[in-house]
Asks: 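This is the structure I want to talk about, given as structure tokens.
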Amino acid sequence: MSLLQTSSTLSYEDDLFKKIKLKHYRTIHRTYEVDVQNNLVNFNEEQLSKIDIDHTELLTPDIDELQRQENALLQYIQSPKINDNKNISFINNHRKLFNLCDVCNDKATGMHYGLATCEGCKGFFKRTVQNKRKYRCNKNGSCIIDKSHRNRCQYCRFRKCLIKGMVIGAVRYDRTPGGRTPANVMQLYKYKNEKNQQMNKISNDKFNELFDLNLFYCFDQLLILDILFNHLRPLINHEILLTHESIKNICYLLIDTFINWYYTLPIYSIINIDLKQFIFNDQWFNYIILLIFYFLKINYNHINLISYTKCLQRLFNYTENKFLSSLSYRIFNQFFYFLSTFFNINITNTEFILLSILLILCSNQTNKINFNLFENIYKILYTYEMNTFLSEQPDRFNRLLYFSEQIQFITQILLTNQHFHLPFLLFPN
DNA sequence: GTAGCCTTGACG
DNA sequence: CGTCAAGGCTAC
């Protein structure tokens with residue numbers, strides 16, 4: 001590729017990167033995204049060397065800030081528009097109905113700060129608010145909170161307390177024991193309880209509507225993953241020489257395995273689309289990227305084990321030490337950052353497989369039949385999410401969709417700039 | 001730091 | 001005076 005061609009693609013790439021950055025901006029990890037954006041704007045060696053140790057930081061917001069948000073909510077629900085007291089007997093209606101803690105499923109001992117909770121979660125919430133404590137999540141902010149895991153991640157426990165509707169304003173500043181909870185706090189209890197019931201109703205309706213789709217993801221996930229991973233194993237320790245040709249062969253094996261497996265699915269007998277038509281579709285590369293990322297995540301689990309410097313060296317080797325354009329450099333950095341964000345999403349086998357099919361079907365020339373399949377897989381994913389990670393919704397589902405959008409952007413960038421080899425340079429020695 | 005048990009005080 | 005939901009105490 002000549003220099004002229006490279007520079008002509010720059011403005012196009014800039015647009016794509018701007019799009020990606022804009023999308024980053026809109027996600028939950030705001031602070032981290034801003035840092036990355038700065039890295040992109042202002043590359044220097046020091047920043048580059050930090051890339052593979054950067055991690056998404058999930059930190060509890062200031063209790064004072066949360067309190068302000070709660071006050072704003074209170075003002076809103078006190079406005080005449082929505083302030084009808086038709087359900088004033090909420091406490092009486094729901095008394096004695098609780099027996100499990102809404103946060104961790106341990107035995108609930110009563111209503112505490114607006115929620116049926118155990119003594120443990122009650123005390124935890126009180127200590128957190130009284131001492132204005134801040135917690136950090138070392139994973140992706142979606143740790144399981146139940147009786148046996150509740151002390152493993154304070155960030156996620158507190159987050160769950162808030163999501164489920166515990167009210168910060170119910171913790172007393174003056175620490176006076178006894179007495180009655182103020183009327184405004186009671187209003188918040190009532191409001192949050194109603195919202196939760198509405199949310200549960202919506203989830204249940206959706207779930208019932210889609211329940212029969214559950215049948216479709218009863219497949220042998222471990223077997224297909226094992227076969228796919230076997231095709232990638234030679235890349236560890238670089239047992240095979242990476243060339244244009246060998247990469248093509250690996251891609252072919254991965255695609256072929258996936259298609260053959262797809263034909264065995266129950267869903268194929270209902271919507272029998274020939275996936276082979278998608279081989280000539282660039283969207284296949286989405287799946288290859290996702291698969292390689294998933295392989296690395298399962299086998300290495302930590303982004304630090306995939307050395308930025310070594311991958312960069314391999315990029316030099318692959319291109320036979322030819323001049324690396326600033327564009328290649330930036331694509332590489334963006335790609336590496338993207339991998340690190342993937343490591344923070346602990347996706348499950350089912351999520352991986354459903355996302356793979358969705359990504360393959362993301363064609364621009366979508367016809368009616370494959371849109372049908374797309375919609376069905378989308379519903380299955382939704383059902384699975386509601387079924388398996390109800391307490392993390394809608395965050396988790398949105399994050400997955402956002403991530404698959406990002407993969408499509410990256411695919412577009414890699415293919416238009418002939419950087420399809422990049423994902424294959426990530427395997428550690 | 002956690003959580004089980006205890007004390008407190010408004011309310012019906 | 002019993003009930004409920006706040007805070008307090010303390011062994012672990």
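Reminder, nothing fancy here: chain letters follow the sequence lines and each chain counts from 1. Values reported hereafter were calculated over all heavy atoms of this structure, with side chains retained and with hydrogens, waters and symmetry mates removed.
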Asks: My understanding is that only residues two or more places apart in sequence, or in another chain, count here; which of them pass salt bridge (charged side-chain N to carboxylate O under 4.0 Å, His left out) with A/R233?
Replies: none

Asks: Under the rule for salt bridge (charged side-chain N to carboxylate O under 4.0 Å, His left out), what residues qualify as partners of A/K147, not counting sequence neighbours?
Replies: A/D106

Asks: Among residues at least two apart in sequence or on other chains, which ones pass side-chain contact (heavy atoms from CB on, under 4.5 Å) with A/C311?
Replies: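 With sequence neighbours excluded, A/C311 shows a side-chain contact (heavy atoms from CB on, under 4.5 Å) to A/I306, A/R314, A/F332, A/F336, A/L426, given in chain and number order.
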
Asks: Going by the rule salt bridge (charged side-chain N to carboxylate O under 4.0 Å, His left out), which residues pair with A/E119 if we only count those two or more places apart in sequence or in a different chain?
Replies: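 Per chain and number, A/E119 pairs via salt bridge (charged side-chain N to carboxylate O under 4.0 Å, His left out) with A/K122.
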
Asks: Quick one: what's the B/S/- string for nucleotides 6-12 of chain C, heavy-atom cutoff under 4.0 Å, read 5' to 3'?
Replies: BBB----

Asks: Taking only residues two or more places apart in sequence, or in another chain, which ones meet A/D62 in a salt bridge (charged side-chain N to carboxylate O under 4.0 Å, His left out)?
Replies: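 Here the qualifying residues are A/K134.
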
Asks: Under a criterion of less than 4.0 angstrom to any heavy atom of chain A, what are the 5'-terminal and 3'-terminal contacting nucleotides of DNA chain B?
Replies: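 On DNA chain B, the outermost contacted nucleotides are B/dG1 to B/dC11.
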
Asks: Suppose we screen for ring pair (Phe, Tyr, Trp, His ring centres under 6.0 Å). Which residues come up paired with A/F352, at least two apart in sequence or across chains?
Replies: A/Y294

Asks: In chain order, what residues pass the side-chain hydrogen bond (donor to acceptor under 3.5 Å, both in side chains) check against A/Q75, with sequence neighbours excluded?
Replies: none

